[in-house]
Amino acid sequence: QKEVEQNSGPLSVPEGAIASLNCTYSDRGSQSFFWYRQYSGKSPELIMSIYSNGDKEDGRFTAQLNKASQYVSLLIRDSQPSDSATYLCAVNTRNSGGYQKVTFGTGTKLQVIP
Amino acid sequence: NAGVTQTPKFQVLKTGQSMTLQCAQDMNHNSMYWYRQDPGMGLRLIYYSASEGTTDKGEVPNGYNVSRLNKREFSLRLESAAPSQTSVYFCASSDPFEQYFGPGTRLTVT
């Protein structure tokens, strides 16, 4: 089982719709969760961090965390063509030495159709 | 602030050649990382440095070496390049959890 799993997509949504991106993780000790956006040919850009169960909203983006079910999701409201990118889920755990290990999923490609 | 910078942006090497990828950050972060990204494989950690003076292996360290020159700079060296090392290389820094990435180096080994 992969540590962080995402559907590779592509996920196609019409402009103005809600895009829902999902991620599951295997380590119950995971403490911090991140969403990165990566445009083609560019580097990953941090767009959301979430550390506790529930929802966290930032503009058109909402991150949702459910530690009991071991999933984290990203909702993008009023999707725009400029949101078309690959979205990477990342999960952070601490090892016994206190070092934080971040594991990335392989990403979900989102296509917003005008 | 420039954030995380990487040089060079592009590089073509012949098999067996060596090179060093440079990375610098101006965010005063303690931790720095080197990743490679290949199609369908996602980001894979090569080496990391939790703080100045320390380095540790990540998921795919074979064929690479690193140097944490000071708090700002973290370099990645390929001693004898192989075609399997053709990839996009990203440097990142964090303090403590959220990672910020450089623009990447696209390396081709022929």
Side-chain angles (χ1 to χ4, degrees), chain A residues 2-10 21 23-27 29-52 56 58 61 63 65 72 85-109, chain B residues 2-10 21 23-25 27 29-61 68 87-108:
Chain A
K2 290 183 181 178
E3 293 183 81
V4 180
E5 294 206 55
Q6 296 181 257
N7 188 318
S8 61
L21 304 161
C23 170
T24 59
Y25 59 95
S26 61
D27 187 348
S30 297
Q31 301 168 344
S32 308
F33 307 86
F34 310 95
W35 283 100
Y36 289 81
R37 177 176 61 200
Q38 186 173 24
Y39 292 114
S40 180
K42 302 294 186 183
S43 58
E45 173 193 10
L46 179 68
I47 55 172
M48 290 287 284
S49 306
I50 186 165
Y51 301 98
S52 55
K56 179 181 178 183
D58 184 0
F61 298 96
L65 175 60
V72 57
T86 297
Y87 289 81
L88 306 176
C89 173
V91 176
N92 181 119
T93 55
R94 281 188 185 274
N95 66 16
S96 57
Y99 168 67
Q100 58 150 345
K101 169 190 171 184
V102 176
T103 303
F104 286 82
T106 54
T108 298
K109 186 172 184 177
Chain B
V4 181
T5 57
Q6 292 182 237
T7 56
K9 287 188 168 53
F10 301 93
L21 281 65
C23 174
Q25 53 95 6
M27 295 177 282
H29 287 169
N30 283 316
S31 300
M32 297 186 73
Y33 313 82
W34 277 104
Y35 293 92
R36 61 178 289 174
Q37 188 175 41
D38 304 290
M41 301 292 292
L43 284 163
R44 292 186 291 170
L45 182 64
I46 305 171
Y47 270 92
Y48 65 91
S49 172
S51 61
E52 185 178 354
T54 68
T55 61
D56 284 288
K57 295 177 181 179
E59 182 185 353
V60 288
R68 184 72 183 265
S87 188
V88 180
Y89 292 83
F90 290 108
C91 177
S93 69
S94 74
D95 190 10
F97 303 119
E98 299 170 348
Q99 295 192 15
Y100 296 88
F101 287 79
T105 295
R106 191 172 296 272
L107 175 67
T108 301

Does a side-chain heavy-atom distance below 4.5 Å link Phe104(A) with Gln99(B)?
yes
Write down the atom of Glu98(B), the atom of Tyr51(A), and the distance for their closest heavy-atom approach.
OE2-OH, 3.2 Å
Given 3.5 Å as the limit, does a donor-acceptor pair link the side chain of Ser43(A) with the main chain of Gly104(B), or not?
no
Answer key: most heavy-atom pairs under 4.5 Å with chain B among Ser49(A), Ser32(A), Gly105(A), Gly107(A) is Ser49(A)
Okay, Glu59(B) and chain A: the region with an atom under 4.5 Å from a heavy atom over there is neither
Return the CD to CG distance between Gln37(B) and Leu88(A), rounded to the nearest 0.5 Å.
6.5 Å
Does NZ belonging to Lys56(A) count more than 12 external heavy atoms closer than 6.0 Å?
yes
Does Met41(B) CE have over 12 foreign heavy atoms under 6.0 Å away?
no
Write down the atom of Pro44(A), the atom of Leu43(B), and the distance for their closest heavy-atom approach.
CG-CD1, 4.0 Å
So what's closer than 4.5 Å to chain A heavy atoms on Arg44(B): side chain, backbone, both or neither?
neither
Nearest 0.5 angstrom please: Phe97(B) CZ to Phe33(A) CZ, how far?
11.5 Å
Determine the option with the most heavy-atom pairs under 4.5 angstrom with chain B, choosing from Gln6(A), Glu45(A), Gln38(A).
Gln38(A)
What part of Phe101(B) lies closer than 4.5 angstrom to a heavy atom of chain A: side chain, backbone, both or neither?
both
